[in-house]
Amino acid sequence: MASMAAALNKTPFLSQPLTKSPSSDLPIAAVSFPSKPRRRNITVHAGLITPDGGKLVELIVEEPRRREKKHEAATELPRVELTAIDMQWMHVLSEGWASPLGGFMRESEFLQTLHFNSLRLDDGSVVNMSVPIVLAIDDEQKASIGESKRVALVDSDGNPVAILTDIEIYKHPKEERIARTWGTTAPGLPYVEEAITNAGNWLIGGDLEVLEPVKYNDGLDRFRLSPAELRKELEKRGADAVFAFQLRNPVHNGHALLMTDTRRRLLEMGYKNPILLLHPSGGYTNADDVPLSWRMKQHEKVLEDGVLDPETTVVSIFPSPMHYAGPTEVQWHAKARINAGANFYIVGRDPAGMGHPVEKRDLYDADHGKKVLSMAPGLERLNILPFKVAAYDKTQGKMAFFDPSRPQDFLFISGTKMRTLAKNKENPPDGFMCPGGWQVLVDYYDSLTPAGNGRLPEVVSA
């Protein structure tokens, strides 16, 4: 097999993992395999699915106007400082992941999202939008804006990064937002504590002009492909079907079994060149999740070891922050992949779920995510692929689809068990994960042990 470097020259590669939840110990070695795509007829046709609203909405200022816009933002406009999560949402909006949304939500868009999980367009059509993409400001910032209809958005160093125009300021109904998005207001919801509880009591919406492409300068920017770039790559490869798989944990062989068998099924359906979009979350994740740089390194080993085929796999970072909002959030994950060109979306047990923050149970019913996706308004064009459980088959020494007639032959390796093995530098059963990928996990947990000087090692280089 060609070297990883050669493979990466041909294949855009990005990363993130799929698992249960920040606090769940349910089996992450249990994955599913497409039994039946959602309940509509599937027509095989060439070409990528069109974006929501008919075209990608890209909000980055064109090069000839950037100097003028930067000068205006730096010298003429009131300022709103963005948090790290605000910057991630700006990134999402700027590249068209939320098309046809043209900026941070005004109140009408916010309320439609919150109560209908969708937006009605001017032509009467409906697109899915289940997660509010909003920008909070406090009383002081509101006062500083005054009657201005334009504001400059600046990063944590005070550098202008965008302009918000034709603005609208409205109340930030935090309790209503939390209750409608998560279905609970229980304390301990990770995204709520990170981004909502201490946020301002006002929301500001408007049309967004991003001054230049968002870069993180973390060694991973080359893997952050926009929807337009992904579409270009998929067309270049001649994809006639694109099946997307989101994850926020390392890839094990159960995931690989699911993805390779999905491709086989699509070929049997008549597609000639189905391409996998392996699309890990690259925005905010809970502290319990493996950091992005380590996940990227693990995904590299998965391709290098031939677990997934670089020729039929595009691995790319999805910039959206994680909410862990279960059936509500998984609609956003699916909708965003339409804009990237995917017409099939793989969904498993309790997608985007988490353990209840107070009680010892899951926050969401494990089957509700895939059921909601099959009925969600605005997702009718997307084929949903639910999957059956796969686990470690002791008789074959590898991951296989679970056979209920012989349950004693299968081993479910929980997230806790996997972490414990990696922390103790012990190996899982042969066939659970490729050796190179497992070694990355071992190295990650080893890096959490303070060095002789009492300091933690530096973050792994990408």
Nearest-0.5 Å distance, CD1 of residue I167 to CZ of residue F104: 13.0 Å
For the backbone of L257 and the side chain of T260, can you confirm whether one donor and one acceptor N or O come within less than 3.5 Å of each other? yes
With sequence neighbours left out, write down each residue that passes side-chain contact (heavy atoms from CB on, under 4.5 Å) with A73, or none if nothing qualifies. A152, P160, I163, L211
With F116, which residues qualify under ring-ring contact (aromatic ring centres under 6.0 Å, His included), at least two apart? none
Mind checking what makes salt bridge (Lys or Arg N to Asp or Glu O under 4.0 Å) contact with K174, not counting sequence neighbours? none
Quick one: does V307's side chain get under 4.5 Å of N253's, heavy atoms only? yes
Inter- and intrachain pairs under salt bridge (Lys or Arg N to Asp or Glu O under 4.0 Å), touching residues 325-345, at least two apart: D52-K335
Tell me every residue that passes side-chain contact (heavy atoms from CB on, under 4.5 Å) with T184, counting only those two or more places apart in sequence or in another chain. W182, A186, L189, L363
Would the distance check show the side chain of D305 and the main-chain N or O of C434 forming a donor-acceptor pair, the cut-off being under 3.5 Å? no
Quick one: do H333 and M322 satisfy side-chain contact (heavy atoms from CB on, under 4.5 Å)? Show the steps, please. CA-CA 10 Å; H333 293 166; M322 279 293 301; 3.7 Å; yes
Side-chain contact test, heavy atoms from C-beta onward, threshold under 4.5 Å: evaluate it for H71 versus E68 and give yes or no. no
Can V314 and L234 be said to form a side-chain contact (heavy atoms from CB on, under 4.5 Å), step by step? CA-CA 8 Å; V314 176; L234 293 165; 4.3 Å; yes
Indicate yes or no for a side-chain donor-acceptor contact from R222 to the backbone of G219 under 3.5 Å, with no hydrogens or angles considered. yes
Does I145 offer a backbone N or O that forms a donor-acceptor pair with the side chain of S148 under 3.5 Å? no
Could you walk me through whether Y216 and H91 pass ring-ring contact (aromatic ring centres under 6.0 Å, His included), step by step? CA-CA 10 Å; Y216 295 79; H91 182 185; 5.5 Å; yes
Inter-residue atom distance L164.CG - L77.CG, 0.5 Å rounding: 10.5 Å
Measure across G238 and N273 and return the closest heavy-atom pair with its distance rounded to 0.1 Å. O-ND2, 3.4 Å
Ignoring hydrogens, what is the shortest heavy-atom contact between A342 and L382? Give both atom names and the distance. O-CD1, 3.5 Å
State whether the number of non-hydrogen atoms from other residues, nucleotides or ligands found under 6.0 Å of E426 atom CD is greater than 12. yes
M433 and P250 have their tightest heavy-atom pair at CE-CB, 4.2 Å
Residue pairs fulfilling side chain to side chain donor-acceptor pair (under 3.5 Å) with at least one residue in residues 194-203, sequence neighbours excluded: D139-W202
Ion pair present between R349 and D362, side-chain N to carboxylate O less than 4.0 angstrom? yes
Please report the C-alpha distance between T50 and R381 in whole Å, then the side-chain angles of each, then the deciding distance to 0.1 Å, and finally whether the side chain to side chain donor-acceptor pair (under 3.5 Å) criterion is met. CA-CA 9 Å; T50 57; R381 298 183 299 138; 3.0 Å; yes
For residues V290 and L441, determine if any side-chain heavy atom of one lies less than 4.5 Å from a side-chain heavy atom of the other. yes
Should the pair E95-R224 be classified as a salt bridge under the 4.0 Å nitrogen-to-oxygen rule? no
Can you confirm whether V127 sits close enough to P100 that some side-chain heavy atom of one is under 4.5 Å from a side-chain heavy atom of the other? yes
Donor-acceptor contact below 3.5 Å, side chain H252 vs main chain G254: yes
Any chance you could measure D240, atom CG, to L48, atom CG, to the nearest 0.5 Å? 9.5 Å
For T285, is there any backbone N or O sitting under 3.5 Å from a side-chain donor or acceptor partner on D289? no
Between V80 and V154, is there a side-chain heavy-atom distance shorter than 4.5 Å? no
Between R177 (side chain) and I196 (backbone), is there a donor-acceptor pair under 3.5 Å? no
Do Y271 and F344 have ring centres separated by under 6.0 Å? yes
Inspect the contact between E229 and K232 and indicate whether a charged nitrogen and a carboxylate oxygen are less than 4.0 angstrom apart. no
Nearest heavy-atom contact between L277 and A340 is CD2-CB, 4.4 Å
Scan side-chain atoms only and decide if Q246 and H279 contain a donor-acceptor pair under the 3.5 Å cut-off. no
If you compare all heavy atoms of A195 against all heavy atoms of A199, which two are closest, and at what distance to 0.1 Å? O-CB, 3.5 Å
Going by the angle between their ring planes, with limits at 30° and 60°, are W438 and F432 parallel, tilted or perpendicular? perpendicular
Give, for atom CG of L119 and atom CG of L101, the distance between the pair rounded to the nearest 0.5 Å. 6.5 Å
Closest non-hydrogen contact found for P78 with S144 is CB-O, 3.8 Å
Answer yes or no: does atom CD of E62 have more than 12 heavy-atom neighbours from other residues, nucleotides or ligands under 6.0 Å? no
Min side-chain heavy-atom separation L385-Y345 under 4.5 Å: no
With a 4.5 Å limit on heavy-atom distance, are the side chains of P291 and Y444 in contact? yes
Among residues at least two apart in sequence or on other chains, which ones pass salt bridge (Lys or Arg N to Asp or Glu O under 4.0 Å) with E58? none
Check the pair D86 / T83 against side chain to side chain donor-acceptor pair (under 3.5 Å), numbers first and verdict last. CA-CA 5 Å; D86 293 335; T83 67; 3.1 Å; yes
Which class fits the ring pair Y170 and F110: parallel under 30°, tilted 30 to 60°, perpendicular over 60°? tilted
For P321, all residues meeting side-chain contact (heavy atoms from CB on, under 4.5 Å), sequence neighbours excluded: I85, Q88, W89, Y191, Y284
Could you name each residue pair satisfying salt bridge (Lys or Arg N to Asp or Glu O under 4.0 Å) that touches residues 140-166, not counting sequence neighbours? E72-R150, R106-D166, R150-E209
Run the side-chain contact (heavy atoms from CB on, under 4.5 Å) test against A179 and tell me which residues pass, sequence neighbours left out. T185
Drop me the distance from I338's CD1 to I49's CD1, to the nearest 0.5 angstrom. 5.0 Å
Interatomic spacing from CG in L278 to CZ in F243 - rounded to 0.5 Å: 10.0 Å
Got a sec, which residues hit salt bridge (Lys or Arg N to Asp or Glu O under 4.0 Å) with R66, two or more places apart in sequence or on another chain? E63
Side-chain donor-acceptor pairs under 3.5 Å in residues 128-135, sequence neighbours left out?
unit_1	atom_1	unit_2	atom_2	d
N128	ND2	N117	O	3.3
N128	ND2	Q331	OE1	3.1
N128	ND2	P377	O	2.8
S130	OG	T328	O	2.6
S130	OG	W332	N	3.1

Measure the shortest side-chain to side-chain distance between S156 and E81 over non-hydrogen atoms and say whether it is less than 4.5 angstrom. yes
